[in-house]
Amino acid sequence: MKIAEALQERAALAKKIDRISVRLNSNALVQEGEKPQEDPAMLMNELNESVAQLEKLISDINIANCKTIVNGKSLTEHIAHKDCLVKKISVLQSLEQNSNNLARRASHSEIKIFATIDASDLQKQIDSLSKELRLTDNLIQETNWKTEI
């Protein structure tokens, strides 16, 4: 199984566990004399099996990510770099939006507000980081489809 396939399976298992949770909660209480639509014990077995499968899959993915080396770094390091790029871009985009919200003065006696950053330079930095993010993501995706677990 390729890492990408394992990631898809991980997402499917997580959704399945969420659905089991809803089904368990829907069958947790019944009116006296009634039976639940589904057997909670069977649902608990299904939950336990699904969680065990998910745990194994997550472990296998993480081990593969640590062992897979691309351009001198593990896939785990590339993923961490990607996550940090996403965070930094988000902060810089928020900063850029905030720097454009200059207060408008009704008269010359009101306090004048100035931006403390150059929005043009900030946008260039965002664009550069966004390109790096796309390239990093492409590398991760390509590696995920080539690498066996």
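None of the values given here were measured: they were computed from a predicted structure.
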J.: Can you confirm whether Leu92 sits close enough to Glu96 that some side-chain heavy atom of one is under 4.5 Å from a side-chain heavy atom of the other?
T.: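 Side-chain contact under 4.5 Å: no.
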J.: Calculate, to the nearest 0.5 Å, the distance between atoms CZ and NZ belonging to Arg19 and Lys15 respectively.
T.: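 If I round to the nearest 0.5 Å, the distance is 8.0 Å.
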J.: Would you confirm whether Asn98, through its side chain, and Ser94, through its main-chain N or O, come within 3.5 Å as a donor-acceptor pair?
T.: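 Checked: no pair found.
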J.: OG1/Thr136 to CD/Gln141 distance, rounded to the nearest 0.5 angstrom?
T.: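 Separation between the atoms: 11.5 Å.
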J.: For the residue pair Ser50 and Lys16, what are the closest heavy atoms and their distance?
T.: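 Here Ser50 and Lys16 meet closest at OG-CE, 3.4 Å.
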J.: Any heavy-atom pair between the side chains of Glu142 and Asn138 that's under 4.5 Å?
T.: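 With C-beta onward as the side chain, the pair stays apart.
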J.: With the 4.5 Å side-chain cut-off for hydrophobic clustering, are Leu133 and Val70 part of the same group?
T.: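 Leu133 does not cluster with Val70.
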J.: Counting C-beta onward and ignoring hydrogens, is there a side-chain heavy-atom pair between Met42 and Arg23 closer than 4.5 Å?
T.: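 Not in contact.
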J.: Is the CD atom of Gln37 crowded by more than 12 outside heavy atoms at less than 6.0 Å?
T.: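 Count not over threshold, so no.
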J.: Without swapping roles, check the side chain of Ser26 against the backbone of Val22 for a donor-acceptor pair under 3.5 Å.
T.: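 Indeed, once roles are kept as given, a pair shorter than 3.5 Å links the two residues.
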J.: Measure the shortest side-chain to side-chain distance between Leu129 and Glu132 over non-hydrogen atoms and say whether it is less than 4.5 angstrom.
T.: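 They are in contact (side-chain heavy atoms under 4.5 Å apart), so the answer is yes.
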J.: Kindly compute the distance separating CG (Asp127) from CD (Gln123), expressed to the nearest 0.5 Å.
T.: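 Asp127 CG to Gln123 CD: 4.5 Å, rounded to 0.5 Å.
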J.: Could you tell me which non-hydrogen atom of Trp145 sits nearest to which non-hydrogen atom of Lys2, and how far apart they are?
T.: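 Looks like O-CD, 3.3 Å.
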J.: Are Leu57 and Leu7 co-members of a hydrophobic cluster defined by side-chain heavy atoms under 4.5 Å apart?
T.: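 The answer is yes; both residues are in one hydrophobic cluster.
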J.: With side-chain hydrogen bond (donor to acceptor under 3.5 Å, both in side chains) as the test, would you mind laying out the steps for Asn45 and Glu49 before giving the verdict?
T.: CA-CA 6 Å; Asn45 287 338; Glu49 289 171 13; over 6 Å; no
J.: Would Met44 and Leu24 count as a side chain to side chain contact (heavy atoms under 4.5 Å, CB included) if you check the C-alpha gap in whole Å, the side-chain angles of each, and the deciding distance to 0.1 Å?
T.: CA-CA 8 Å; Met44 287 298 291; Leu24 272 167; 3.7 Å; yes
J.: Is there a path of hydrophobic side-chain contacts, each under 4.5 Å between heavy atoms of I/L/V/M/F/W/Y residues, joining Leu75 to Ile149?
T.: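 Ile149 and Leu75: one cluster.
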J.: Find out if a path of hydrophobic residues (ILVMFWY) with successive side-chain heavy-atom gaps under 4.5 Å connects Leu139 to Ile89.
T.: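 Unlinked, Leu139 and Ile89 end up in two clusters.
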J.: Could you see if Ile140 belongs to whatever hydrophobic cluster contains Leu135? Use Ile, Leu, Val, Met, Phe, Trp, Tyr and a side-chain cutoff under 4.5 Å.
T.: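 Unlinked, Ile140 and Leu135 end up in two clusters.
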J.: Can you give the donor-acceptor pairs under 3.5 Å from side chains of residues 114-122 to other protein atoms, not counting sequence neighbours?
T.:
residue	atom	partner	partner atom	Å
Asp118	OD1	Ser120	N	2.9
Asp118	OD1	Asp121	N	3.4

J.: So Leu43 and Leu47, do their side chains get closer than 4.5 Å, heavy atoms only?
T.: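 With C-beta onward as the side chain, the pair stays apart.
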J.: Indicate the atoms forming the closest heavy-atom contact of Asn65 with Ser74, along with that distance.
T.: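 Here Asn65 and Ser74 meet closest at O-CB, 3.8 Å.
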J.: Within the side chain of Ser21, is there an N or O that forms a donor-acceptor pair under 3.5 Å with the backbone of Ile17?
T.: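 No, because the side chain of Ser21 does not come within donor-acceptor range (under 3.5 Å) of the backbone of Ile17.
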J.: Counting distance only, does the side-chain N/O of Asn27 pair as donor-acceptor with the main-chain N or O of Pro36 below 3.5 Å?
T.: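 Looks like no, no N/O pair under 3.5 Å.
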J.: Tell me the side chain to side chain donor-acceptor pair (under 3.5 Å) pairs involving residues 52-62, sequence neighbours left out?
T.: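 Those involving residues 52-62 are Lys56-Asp60.
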J.: Is there a side-chain contact between Arg10 and Ile58, using heavy atoms and a 4.5 Å cut-off?
T.: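 Counting from C-beta outward, Arg10 and Ile58 do come under 4.5 Å.
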